[in-house]
Amino acid sequence: MTLRLATWNINSVRLRIDQVARFVQERAPDVLLLQEIKCTTDQFPRAAFEEMGLPHLRVAGQKGWHGVAIASRLPIADNTTLEVCKLGHARCVSARVAGVDIQNFYIPAGGDVPDRALNPKFDHKMDFYQRLTAEIAKRDRHAPLVLAGDFNIAPGENDVWNHRYMSKIVSHTPIEVETLLNRLQDAGGFADVLRDRFPEPQKLASWWSYRAADFRKSNRGLRLDHIWTSPGLTPAVVKDTARIHDDVREWERPSDHAPVTVDLDV
């Protein structure tokens, strides 16, 4: 069975529910991971997802700017959510679908100053990654696991529009890439399915600022959205299926993030 997995920072699920429905109809994900749903759990538009054919839901909502959800065509089994946010934000939700452990994250952005002593938001981001890395290090690498979502770090030189400039900006600083993201990836032996399909030096981006009237013309994107697979699952990745749906960023009143998908042969 082929399982199509999608991750998307939707930037308000209620505001963009019609776009979600269009994406589901056109791209047919079996499991949709959403971040920044910006609603409480009871406000989540469950009926709309049932109409889309994604009736199986796990929602961790929160009033304000956070919240994550998983919607699936297939039945969902409960599993252990990696709750590593020291502030108790709704930043992770998990599910087991077709035998695959799926952990969906909205990792803190980290504010503007890349110094944890001066910036509590950056300290929160570092703490989140450090706790998550410690949890992943305890896990069996041979178990089928997906880590996905908005990681708020663009790892490589070709995952940002300008490496030299962005190396000083939170989301691509050396401390984030080397101390946080790379250590997390190494702890679980994860494959980065997008970069595996599109090797360096090809440019990749999944986020573009709203400040630019034409995001393609300004071309100042960052690859903040990721799908990682554990060694026990990576062989199931269907070749040449990982992609960024950047055309969705052209839709009317879009999220600033584009969806990312991959197919798994489970």
Side-chain angles (χ1 to χ4, degrees), residues 1-10 13-14 16-37 39 41-61 67-83 90-106 139-150 188 190-191 193-194 197 225-245 248 257-266:
M1 178 181 69
T2 300
L3 187 74
R4 177 162 295 166
L5 185 79
T7 180
W8 191 4
N9 181 321
I10 193 61
V13 66
R14 292 179 294 174
R16 296 187 170 83
I17 192 63
D18 291 343
Q19 293 194 12
V20 176
R22 177 180 172 183
F23 178 76
V24 170
Q25 181 181 25
E26 293 183 2
R27 316 299 162 92
D30 299 296
V31 184
L32 176 61
L33 284 55
L34 297 174
Q35 303 89 40
E36 270 199 286
I37 60 173
C39 66
T41 301
D42 63 303
Q43 293 172 330
F44 190 82
R46 292 175 177 268
F49 282 86
E50 292 174 1
E51 292 176 6
M52 293 176 212
L54 300 174
H56 305 285
L57 300 168
R58 291 293 182 274
V59 181
V68 283
I70 297 174
S72 175
R73 296 187 190 278
L74 303 173
I76 288 177
D78 291 329
N79 61 350
T80 301
T81 299
L82 296 174
E83 298 284 5
R91 291 185 175 274
C92 181
V93 68
S94 67
R96 185 174 296 276
V97 180
V100 178
D101 181 356
I102 300 170
Q103 301 282 339
N104 173 24
F105 288 98
Y106 174 46
R139 292 199 156 210
D140 179 5
R141 290 187 174 199
H142 299 292
L145 170 64
V146 169
L147 243 60
D150 179 357
F190 292 109
V193 301
L194 271 173
R197 183 184 178 190
D225 304 274
H226 303 272
I227 299 175
W228 289 358
T229 53
S230 67
L233 185 62
T234 298
V237 173
V238 180
K239 185 179 179 181
D240 295 335
T241 60
R243 61 170 292 195
I244 300 170
H245 298 258
V248 173
H257 294 254
V260 177
T261 62
V262 71
D263 290 358
L264 303 170
D265 186 1
V266 296

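Treat the numbers as computed from the prediction; the structure is a model and nothing was measured. Reckoned from all heavy atoms, side chains included, excluding hydrogens, waters and symmetry mates.
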Spatial distance of atom CZ (Arg243) from atom CG (Leu194) [nearest 0.5 Å]
10.5 Å
I want to check something: taking the side chain as every heavy atom from C-beta on, are Arg91 and Val68 in contact at a cut-off of under 4.5 Å?
no
In this structure, are over 12 heavy atoms from other groups packed under 6.0 Å from Asp265 atom CG?
yes
From Phe190 atom CZ to Thr229 atom OG1, the distance as rounded to the nearest 0.5 Å:
8.5 Å
Test side-chain hydrogen bond (donor to acceptor under 3.5 Å, both in side chains) applied to Arg58 and Asn104, Thr81, Asp78, the passing residue
Asp78
Are Ile244 and His257 side-chain neighbours, meaning at least one heavy-atom pair lies under 4.5 Å?
no
Measuring only between side-chain heavy atoms, which start at C-beta, is Ser94 closer than 4.5 Å to Leu82?
no
State whether Glu26 and Arg22 are salt-bridged, where the test is any N-O pair (Lys NZ or Arg NE/NH1/NH2 against Asp/Glu carboxylate O) under 4.0 Å.
yes
Is any side-chain heavy atom of Leu74 closer than 4.5 Å to one of Leu3?
yes
Determine whether Val24 and Pro29 make a side-chain contact, defined as any pair of heavy atoms from C-beta on separated by less than 4.5 Å.
yes
Could you state the interatomic distance from CZ (Phe49) to CG (Leu34), rounded to the nearest 0.5 Å?
5.0 Å
Taking Gln25 for its side chain and Met52 for its backbone only, find out whether a donor-acceptor pair lies under 3.5 Å.
no
Do the side chains of Arg4 and Asp263 get close enough for a salt bridge, i.e. N-O under 4.0 angstrom?
yes
